[in-house]
Amino acid sequence: MRKLPDPNLFSVADPSDRVQNIHYIRKTFGEMYNLDAGTQTTLKIPKAYHNVGNAEIKRRKDIISISGHQEGRAGIEFIAPFQNQKVYTISFSCQGNTPVALKLFRMKNGRKTAELEYGVKYIDHFPASEYEWTHFKGSIVVPYIEHDSVSMFIGTQSGKKCKLLIKDLQILEHQPQPEP
């Protein structure tokens, strides 16, 4: 069972409350979100993306092929369909001769800023096998990001010549069931 403990441990007055001169910090205990209960919606993965680094990208049906050359990162990056303070699960299968990196960054005024820390911050070296598919599944709570967007990078940071296949990339938006 997948659960997120105390997702609302702290909350503050949102902008509409502050306009009405209502200011508060709320602290709650003993609640969690059950991601396996409640409902979920499959979001569309944007077709528009750009190559990152010295990579050759081929996309056919549900498979993204990334051929990386020496020097830095190699992969794709796109604006993910994330919204403030919602829960998402990112999943995919991978195959290749290099570890996979999945990175989420806040985009403010079209510029990449801080890496999001709530769930998938340290996915730098997810293992991939050359001969069989490995499945990745990770959940994230998107913090309050105002009117900004989120950029998602998927590929490798190995800096080596490599071949990586990403299959069945999926993003689910959860409406999880709160539990005591």
Side-chain angles (χ1 to χ4, degrees), residues 1-53 64 72-92 94 100-126 135-157 166 168-180:
M1 189 178 303
R2 295 175 303 128
K3 297 185 179 196
L4 294 174
D6 289 328
N8 294 311
L9 183 59
F10 289 99
S11 60
V12 296
D14 64 26
S16 63
D17 287 336
R18 292 191 296 255
V19 165
Q20 298 174 35
N21 208 24
I22 300 171
H23 303 278
Y24 61 86
I25 297 174
R26 180 181 302 136
K27 190 173 185 178
T28 59
F29 292 100
E31 183 178 78
M32 68 179 121
Y33 283 172
N34 183 344
L35 298 181
D36 295 325
T39 60
Q40 60 189 25
T41 305
T42 302
L43 303 179
K44 289 185 110 179
I45 303 294
K47 295 206 184 290
Y49 63 88
H50 68 274
N51 296 12
V52 174
I64 301 165
R73 301 186 323 157
I76 65 169
E77 195 162 14
F78 58 88
I79 300 299
F82 295 154
Q83 295 178 358
N84 290 321
Q85 300 174 309
K86 292 199 177 188
V87 181
Y88 300 94
T89 295
I90 302 165
S91 65
F92 59 86
C94 60
V100 178
L102 174 67
K103 298 291 185 181
L104 301 173
F105 295 93
R106 184 172 176 174
M107 298 289 288
K108 187 170 189 73
N109 299 323
R111 300 190 82 129
K112 193 183 300 183
T113 62
E115 184 176 349
L116 296 184
E117 299 179 6
Y118 302 96
V120 296
K121 180 175 175 79
Y122 299 106
I123 306 302
D124 297 332
H125 299 285
F126 182 75
H135 188 69
F136 171 85
K137 189 173 195 175
S139 297
I140 180 171
V141 177
V142 174
Y144 181 68
I145 56 173
E146 300 178 42
H147 300 292
D148 297 346
S149 54
V150 175
S151 171
M152 180 172 151
F153 166 82
I154 187 165
T156 182
Q157 298 185 131
I166 305 294
D168 300 328
L169 178 60
Q170 183 179 59
I171 299 174
L172 298 176
E173 179 183 319
H174 295 279
Q175 295 78 39
Q177 176 179 316
E179 295 181 356

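Everything quoted here is computed from the prediction, not taken from an experiment.
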> Just wondering, more than 12 heavy atoms not from I25 lying within 6.0 Å of its CD1?
Replying inline: no
> What are the two closest heavy atoms between Q177 and A37, and how far apart are they?
Replying inline: OE1-CB, 3.2 Å
>> Within this structure, what is the CD-CG distance for the pair E115 and L104, rounded to the nearest 0.5 Å?
In response: 7.5 Å
> How would you list, by chain and number, every residue that makes a salt bridge (charged side-chain N to carboxylate O under 4.0 Å, His left out) with D148, sequence neighbours excluded?
Replying inline: R106, K108
> According to the interplanar angle, ranging from 0 to 90°, do the rings of Y88 and F82 count as parallel (below 30°), tilted (30 to 60°) or perpendicular (above 60°)?
Replying inline: tilted
Below 3.5 Å, can you tabulate the donor-acceptor pairs from side chains in residues 43-53 to any protein atom, sequence neighbours excluded?
unit_1	atom_1	unit_2	atom_2	d
N51	ND2	A55	O	3.3

> Would Y24 and D17 count as a side-chain contact (heavy atoms from CB on, under 4.5 Å) if you check the C-alpha gap in whole Å, the side-chain angles of each, and the deciding distance to 0.1 Å?
Replying inline: CA-CA 9 Å; Y24 61 86; D17 287 336; 3.1 Å; yes
>> If we ignore hydrogens and angles and just use 3.5 Å, is the side chain of D124 paired with the main-chain N or O of A101 as donor and acceptor?
In response: no
> Looking only at heavy atoms, which two atoms of V142 and I145 are closest? And how far apart?
Replying inline: CG1-CD1, 4.1 Å
>> Would you say that S91 contacts D168 through its side chain, given a criterion of any heavy-atom pair below 4.5 Å between the two side chains?
In response: no
> Does S16 offer a backbone N or O that forms a donor-acceptor pair with the side chain of D14 under 3.5 Å?
Replying inline: yes
> Which residue pairs pass the salt bridge (Lys or Arg N to Asp or Glu O under 4.0 Å) test with at least one member in residues 81-92, sequence neighbours excluded?
Replying inline: K86-E173
>> Please check: side-chain N/O of N84 versus main-chain N/O of E146, any donor-acceptor pairing under 3.5 Å?
In response: yes
